[in-house]
Amino acid sequence: MRQLEIAHHTVMVDVIGGETRKPAFLRINPNGTVPFLLLEDGRGIAESNAILWYLAKGSHLFPQSTFEEAMAVQWMIFEQTKLESNISPARFFTTIVPERREGMEDRILAWQSAGRQGLTRLDAHLRFQDFVAGPRYSIADIAVYGYTHVAGEGGFDLDAYPAVSAWIDRIKAITGYVAMPDLAQAA
C-alpha cells in the first residue's frame with residue numbers, strides 16, 4: 001500500500017496472545033487470520049496474495065502481460081506451498097517462540113529440509129533474472145519476499161543462495177520499502 005501510495009491505517013494484532021481468536025476480531029474477519037484487509041465499505045479480504053492481487057490490479061506492480069500474470073500466480077503459489085509453509089513454522093519455533101521448541105526438533109528439521117529445496121529452486125530461477133515473474137518488480141516479488149527474507153530466523157543460511165540474497169538486496173532498494181521491524185512504527 002505504501003508503494004502504491006494508498007492511504008491506509010495498519011492495526012497490529014497480537015497473534016501469539018490469541019487476539020485473532022477473540023469475538024471482536026472474528027466479527028471483522030471470520031477466518032481469524034492475518035493479514036486481513038478491511039475495505040472502507042466493510043468488506044474484507046483475507047490471504048496476503050489475494051490482498052496483493054486486489055490492491056495492485058491496474059498499477060505498475062501488477063504483471064504487465066498475460067504470461068507475466070501466469071508467472072506471478074505460479075510464483076505466488078510456490079511461495080505458499082514451498083517457502084511460507086516451511087520457513088514460517090521453522091522460524092516460529094526457532095525465533096518467535098523458542099520456549100515451545102522442545103519436542104519439535106524433528107519437525108523443524110523436516111521444515112528446514114523442505115524449505116532449502118524451495119530456496120534452491122528460487123535461487124536457480126533468480127540466477128537468470130532480476131525479478132520473480134518477469135523483467136520488473138511486481139506483486140510476485142512482494143509475495144515471495146515476505147518469508148524468504150527472514151529465512152535466516154528459521155535456521156536457513158541465506159548465504160548459500162547468492163541469487164536470492166542479491167534479489168533481497170534489490171527489493172530493499174525499492175522506493176517505499178518498509179522493513180518488517182519498522183511496520184509497527186509505520187502503522
Side-chain angles (χ1 to χ4, degrees), residues 1-8 10 29 31 33-41 43-91 111-154 156-180 183 186:
M1 294 178 88
R2 181 174 299 255
Q3 291 174 359
L4 292 173
E5 299 179 351
I6 297 171
H8 64 282
T10 303
N29 176 8
N31 289 351
T33 59
V34 292
F36 184 77
L37 178 65
L38 184 60
L39 303 174
E40 288 181 7
D41 66 6
R43 293 179 299 163
I45 302 172
E47 302 300 332
S48 57
N49 287 338
I51 293 167
L52 286 169
W53 201 267
Y54 174 83
L55 292 171
K57 187 78 172 183
S59 79
H60 68 281
L61 293 178
F62 199 78
Q64 301 298 305
S65 71
T66 302
F67 181 75
E68 287 178 18
E69 278 188 51
M71 290 298 96
V73 170
Q74 172 186 304
W75 285 100
M76 291 167 93
I77 291 170
F78 178 87
E79 180 271 333
Q80 289 289 294
T81 60
K82 306 296 186 211
L83 299 174
E84 186 274 339
S85 60
N86 296 301
I87 295 169
S88 176
R91 177 177 176 255
W111 289 319
Q112 289 170 335
S113 177
R116 282 192 298 275
Q117 291 174 18
L119 289 167
T120 297
R121 171 68 184 99
L122 178 61
D123 195 70
H125 176 69
L126 289 170
R127 283 188 203 136
F128 301 104
Q129 59 188 66
D130 288 342
F131 299 104
V132 171
R136 62 189 119 339
Y137 175 70
S138 74
I139 57 173
D141 295 286
I142 296 169
V144 173
Y145 180 83
Y147 279 98
T148 301
H149 86 287
V150 294
E153 296 175 11
F156 299 88
D157 178 10
L158 285 174
D159 290 337
Y161 310 98
V164 169
S165 294
W167 169 79
I168 288 171
D169 289 341
R170 282 191 295 280
I171 301 304
K172 288 179 179 178
I174 299 289
T175 301
Y177 171 84
V178 178
M180 266 200 321
L183 286 176

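The residues of the chain are indexed from 1 along the displayed sequence.
- Annotation: the span from R43 atom CZ to L37 atom CG amounts to 10.5 Å, rounded to 0.5 Å.
- With sequence neighbours excluded, the residues satisfying side-chain contact (heavy atoms from CB on, under 4.5 Å) with T81 are I77.
- Using modelled atom types, one side-chain atom of N49 and one backbone atom of M76 make a donor-acceptor pair closer than 3.5 Å.
- Once rounded to the nearest 0.5 Å, the distance linking CG of L39 with CG of D41 reads 5.5 Å.
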Might you work through the side-chain contact (heavy atoms from CB on, under 4.5 Å) test for T148 and W167, ending with a clear yes or no?
CA-CA 10 Å; T148 301; W167 169 79; 4.0 Å; yes
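- For the atom pair L119 CG and L158 CG, the distance stands at 6.5 Å (nearest 0.5 Å).
- With contacts defined as side-chain heavy-atom distances shorter than 4.5 Å, the pair L61/R136 does not qualify.
- Distance check, rounded to the nearest 0.5 Å: CZ of R91 to CD of E153 gives 4.5 Å.
- Applying the side-chain contact (heavy atoms from CB on, under 4.5 Å) test to P35 and every residue at least two apart in sequence or in another chain returns S48, I51.
- Residue pairs meeting the ring-ring contact (aromatic ring centres under 6.0 Å, His included) criterion with at least one member in residues 113-134, sequence neighbours excluded, are W75-H125.
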Before you tell me yes or no, could you show the steps for F78 and V132 under side-chain contact (heavy atoms from CB on, under 4.5 Å), namely the whole-Å CA-CA distance, both residues' side-chain angles and the distance that decides it to 0.1 Å?
CA-CA 11 Å; F78 178 87; V132 171; over 6 Å; no
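- Legend: salt bridge (Lys or Arg N to Asp or Glu O under 4.0 Å) pairs involving residues 112-127, not counting sequence neighbours, sorted by first then second residue: D123-R127.
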Run the side-chain contact (heavy atoms from CB on, under 4.5 Å) check on I87 and F156 step by step: do they pass?
CA-CA 8 Å; I87 295 169; F156 299 88; 3.9 Å; yes
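- Counting only distance, with no hydrogens or angles, the side chain of D141 and the backbone of Y145 share no donor-acceptor pair below 3.5 Å.
- At least one side-chain heavy atom of F62 sits less than 4.5 Å from a side-chain heavy atom of E69.
- Partners of Y137 by ring-ring contact (aromatic ring centres under 6.0 Å, His included), not counting sequence neighbours: none found.
- Taking NE2 of H149 as the start and OG of S165 as the end, the distance is 12.5 Å to the nearest 0.5 Å.
- Within the 4.5 Å cutoff, the side chain of L83 has no heavy atoms near those of the S88 side chain.
- Among residues two or more places apart in sequence or in another chain, the side chain to side chain donor-acceptor pair (under 3.5 Å) test is passed with D159 by none.
- The two residues W111 and A90 make their nearest non-hydrogen contact at CE3-N, 3.8 Å.
- Atom OH of Y147 has 12 or fewer heavy atoms from other residues, nucleotides or ligands within 6.0 Å.
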Do F36 and N31 pass the side-chain contact (heavy atoms from CB on, under 4.5 Å) test, and can you show the C-alpha distance, the side-chain angles, and the key distance before you say yes or no?
CA-CA 9 Å; F36 184 77; N31 289 351; 5.7 Å; no
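- The 12-atom threshold is exceeded at OH of Y177, counting heavy atoms of other residues, nucleotides or ligands nearer than 6.0 Å.
- A7 approaches M1 most closely through the heavy-atom pair O-CE, 4.2 Å.
- Scanning all heavy atoms of the two residues, the minimum distance from S138 to A133 falls at OG-CB, 4.2 Å.
- Taking every heavy atom of both residues into account, A56 and L4 meet most closely at CA-CD1, 4.0 Å.
- No donor-acceptor pair closer than 3.5 Å links the side chain of E5 to the backbone N or O of Q3.
- Rounding to the nearest 0.5 angstrom, the gap separating the CZ atom in R170 from the CG atom in L126 is 6.5 Å.
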